[in-house]
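For reference, the structure is listed below as structure tokens.
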Protein chains: 2
Amino acid sequence: MTLSEENYLKAIYHISDVCEGGISTNAIAEKMNTKASSVTDMIKKLSEKGLLNYKRYKGSELTEKGKFVAANIIRKHRLWEVFLVEKLNFTWDEVHDVAEQLEHIKSEKLINQLDEFLGFPKRDPHGDPIPDKDGNVSDNADVLLVTLHENEKGIIVGVKDSSSSFLKYLDKQGIALGKKVKVIDKEPFDNSMKIRIKKEEFMISQQIANNIYIKK
Amino acid sequence: MTLSEENYLKAIYHISDVCEGGISTNAIAEKMNTKASSVTDMIKKLSEKGLLNYKRYKGSELTEKGKFVAANIIRKHRLWEVFLVEKLNFTWDEVHDVAEQLEHIKSEKLINQLDEFLGFPKRDPHGDPIPDKDGNVSDNADVLLVTLHENEKGIIVGVKDSSSSFLKYLDKQGIALGKKVKVIDKEPFDNSMKIRIKKEEFMISQQIANNIYIKK
DNA sequence: CTATTTTTTTAGACAAGACTAAAAATTAAA
DNA sequence: TTTAATTTTTAGTCTTGTCTAAAAAAATAG
Ligand SMILES: [Mn+2]
Ligand SMILES: [Mn+2]
Ligand SMILES: [Mn+2]
Ligand SMILES: [Mn+2]
């Protein structure tokens with residue numbers, strides 16, 4: 001597995017989480033910040049290696065083997081993110097770029113020992129579940145904050161957008177994983193909502209509410 | 001800095017530790033397990049980047065900038081080795097290959113936080129000194145065990161060969177960093193010697209004695 | 001000081017992974 | 001159901017880092 005192959009597998013895996021059926025070449029190109037022609041070359045190679053199924057003009061789909069490899073890279077990514085936050089005092093908006101590098105380090109022992117060292121964490125700093133050794137991910141029944149109705153309550157358990165700017169906004173507003181949130185008011189016009197966290201009430205836009213996961 | 005450039009710099013830096021003056025193309029090729037023609041290409045590139053001085057047929061020498069970059073890679077390599085042994089229960093013969101990968105991770109913050117997390121260690125698991133942020137290495141006045149005479153004593157502080165097979169041999173013989181050693185007898189014929197560690201006496205060959213550093 | 005051996009560099013080729021431009025297949029519109 | 005727009009693939013080029021084979025320079029020997 002080259003670095004590039006691994007990044008493609010990961011991208012396709014993540015797109016599959018959202019979209020049904022075969023993944024389009026263009027969708028991969030967009031996620032990978034590359035051109036469709038480059039994607040075509042790569043999916044041919046991955047197909048020959050048995051990591052995805054592909055027919056010309058019909059899109060791609062990961063095989064079981066491909067899913068396993070991808071889940072393992074994501075496992076490494078998220079464990080390293082935990083390490084950076086828990087042990088090296090990184091903030092949750094600083095970890096992603098470094099984890100993008102660390103996820104490609106090849107050593108079974110390293111990642112399993114790291115897992116143990118961190119106390120077998122279930123989620124990364126952004127609330128995303130950490131796959132186990134066998135590539136199984138605990139499928140969460142969490143829901144986006146934007147779907148809650150007036151007077152509904154829940155606990156913040158994750159973020160969909162892990163960009164540094166979004167995470168910094170959350171920090172500033174005092175929005176963090178584990179906090180209880182209640183929807184005070186919803187504005188139908190622009191889907192903004194007033195929420196309460198720890199007795200403080202404030203407005204958030206739909207865009208914000210659309211990127212926060214809640215456990216009811 | 002690409003991965004390959006970094007590995008060349010590191011190799012040249014290590015050869016410079018042993019050899020005086022300009023480093024020959026062949027010496028680099030041997031250390032890098034590559035061909036001289038490939039080396040010529042690379043040193044041209046590194047030369048253009050101001051990382052080493054090079055004139056055709058005259059060999060190469062790292063610039064200050066080149067030395068700084070190389071020392072920083074070695075700093076990362078050795079800090080990661082400490083991490084693997086101290087925190088993740090690796091043995092000293094298992095760490096090198098993983099550190100070869102980890103040394104290329106790019107993040108100032110990562111390596112400085114790691115340094116702090118480990119308690120600012122001075123040496124790696126093989127007794128090699130860890131360069132500081134500015135690329136300074138504490139030059140040790142240590143001496144190879146093979147140079148000791150009969151009845152001389154010292155403390156084992158490092159190994160020259162860090163190969164897994166050598167380190168496993170040392171483990172088996174009970175030879176470890178920090179132990180006191182006394183030369184009981186030297187055989188002029190083959191330079192083997194009888195040594196005492198913790199009241200136990202045994203023979204070691206010149207090859208072994210040539211790869212163990214002693215502080216007198 | 002010339003001849004031979006060794007070292008180093010050049011020339012040309014290759015694989016991986018990217019890109020551009022153009023062709024082919026598919027999908028959407030009229 | 002033809003035509004137009006979009007998506008996807010092919011063809012050909014480029015860069016990085018590697019290789020082999022051959023040429024050039026330097027070192028060694030006689
Ligand atoms: Mn991430
Ligand atoms: Mn994450
Ligand atoms: Mn090492
Ligand atoms: Mn070491």
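Throughout, a chain's letter reflects where its sequence line sits, starting with A, and its residues are numbered from 1.
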Nearest whole angstrom, please: distance from the [atom2] of [N] to the [atom1] of [X].
X	N	atom1	atom2	value
A:Lys55	D:dT9	NZ	P	13 Å
A:Asp41	C:dC19	CG	C1'	10 Å
B:Lys44	C:dT8	NZ	P	14 Å
A:Ile28	D:dT8	CD1	C1'	12 Å
A:Glu48	C:dA15	CD	P	14 Å
A:Glu5	C:dA18	CD	P	10 Å
B:Asn7	D:dT16	CG	P	17 Å
B:Asn33	D:dT18	CG	C1'	13 Å

Return the 5'-most residue of the pair A:Ser38, B:Val39 with respect to DNA chain C, ranking by each residue's nearest nucleotide.
B:Val39

Within residues 10-21 of chain A, which residues have any heavy atom lying less than 4.0 Å from an atom of DNA chain C?
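Contacts with DNA chain C under 4.0 Å: none.
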
Qualifying residues under side-chain hydrogen bond (donor to acceptor under 3.5 Å, both in side chains), relative to A:Arg75, sequence neighbours excluded:
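Listed in chain order: A:Asn112, A:Asp115.
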
Residues which pass side-chain hydrogen bond (donor to acceptor under 3.5 Å, both in side chains) with A:Ser192, listed by chain and number, not counting sequence neighbours
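Per chain and number, A:Ser192 pairs via side-chain hydrogen bond (donor to acceptor under 3.5 Å, both in side chains) with A:Asp190.
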
Between C:dT9, D:dA11, D:dT8, which nucleotide has the shortest distance from any of its atoms to the side chain of B:Ile43?
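Among C:dT9, D:dA11, D:dT8, the one nearest the side chain of B:Ile43 is C:dT9.
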
Out of D:dT9, C:dT9, C:dT8, which has the shortest distance to the side chain of A:Thr40?
D:dT9

Which residue pairs satisfy the side-chain hydrogen bond (donor to acceptor under 3.5 Å, both in side chains) criterion with at least one member in residues 123-137 of chain A, sequence neighbours excluded?
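Listed once each, the pairs are A:Glu81-A:His126.
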
If only atom types and distance count, is the side chain of A:Lys87 paired as donor or acceptor with the main-chain N or O of A:Leu118 below 3.5 Å?
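No, the answer is negative, given that no donor and acceptor are paired below the 3.5 Å cut-off.
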
With sequence neighbours excluded, residues passing salt bridge (charged side-chain N to carboxylate O under 4.0 Å, His left out) with A:Lys106:
A:Glu6

The salt bridge (charged side-chain N to carboxylate O under 4.0 Å, His left out) partners of B:Lys160 (sequence neighbours excluded) come to none

Do B:Val95 and B:Trp80 make a side-chain contact, defined as non-hydrogen atoms from C-beta onward lying under 4.5 Å apart?
no

Would you please confirm or rule out a distance under 4.0 Å between OP1 or OP2 of [N] and any side-chain N or O of [X]?
X	N	value
A:Ser4	C:dA16	no
B:Tyr54	C:dT8	no
A:Asn26	D:dT8	yes
B:Lys35	D:dT18	no
A:Ser24	D:dT7	no
A:Tyr8	C:dA16	no

Pair of N/O donor and acceptor under 3.5 Å linking D:dT20 base with B:Ser37 side chain:
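Side chain to base: pair found, below 3.5 Å.
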
Parallel, tilted or perpendicular, as decided by the 30° and 60° cut-offs, for the rings of A:Phe117 and A:Phe83:
tilted

For the residue pair A:Tyr169 and A:Phe166, does the interplanar ring angle fall in the parallel (under 30°), tilted (30 to 60°) or perpendicular (over 60°) class?
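Correct class here is parallel.
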
Can you run down the ring-ring contact (aromatic ring centres under 6.0 Å, His included) pairs that involve residues 84-110 of chain B, sequence neighbours left out, and say none if there aren't any?
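Passing the test, one end in residues 84-110 of chain B: B:His77-B:His96.
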
Please list, for nucleotides 23-29 of chain D, all pairs of protein and nucleotide N/O atoms separated by less than 3.5 Å.
unit_1	atom_1	unit_2	atom_2	d
D:dA25	O4'	B:Tyr57	OH	3.4

What pairs of residues pass the salt bridge (charged side-chain N to carboxylate O under 4.0 Å, His left out) test when at least one of them lies in residues 91-103 of chain B, not counting sequence neighbours?
A:Lys109-B:Glu94, B:Lys10-B:Glu100, B:Lys10-B:Glu103, B:Asp93-B:Lys168

Show which side-chain atoms of residues 46-58 of chain B pair as donor or acceptor with protein atoms under 3.5 Å away, not counting sequence neighbours.
unit_1	atom_1	unit_2	atom_2	d
B:Lys49	NZ	B:Glu5	OE1	3.3
B:Lys49	NZ	B:Glu5	OE2	2.9

If you restrict it to nitrogen or oxygen atoms, what contacts under 3.5 Å exist between nucleotides 1-5 of chain D and the protein, and what is each distance?
none

Distance-only donor-acceptor pairs under 3.5 Å for side chains of residues 206-216 of chain B, two or more places apart:
unit_1	atom_1	unit_2	atom_2	d
B:Asn211	OD1	B:Asp161	N	3.4
B:Asn211	ND2	B:Gln207	O	2.9

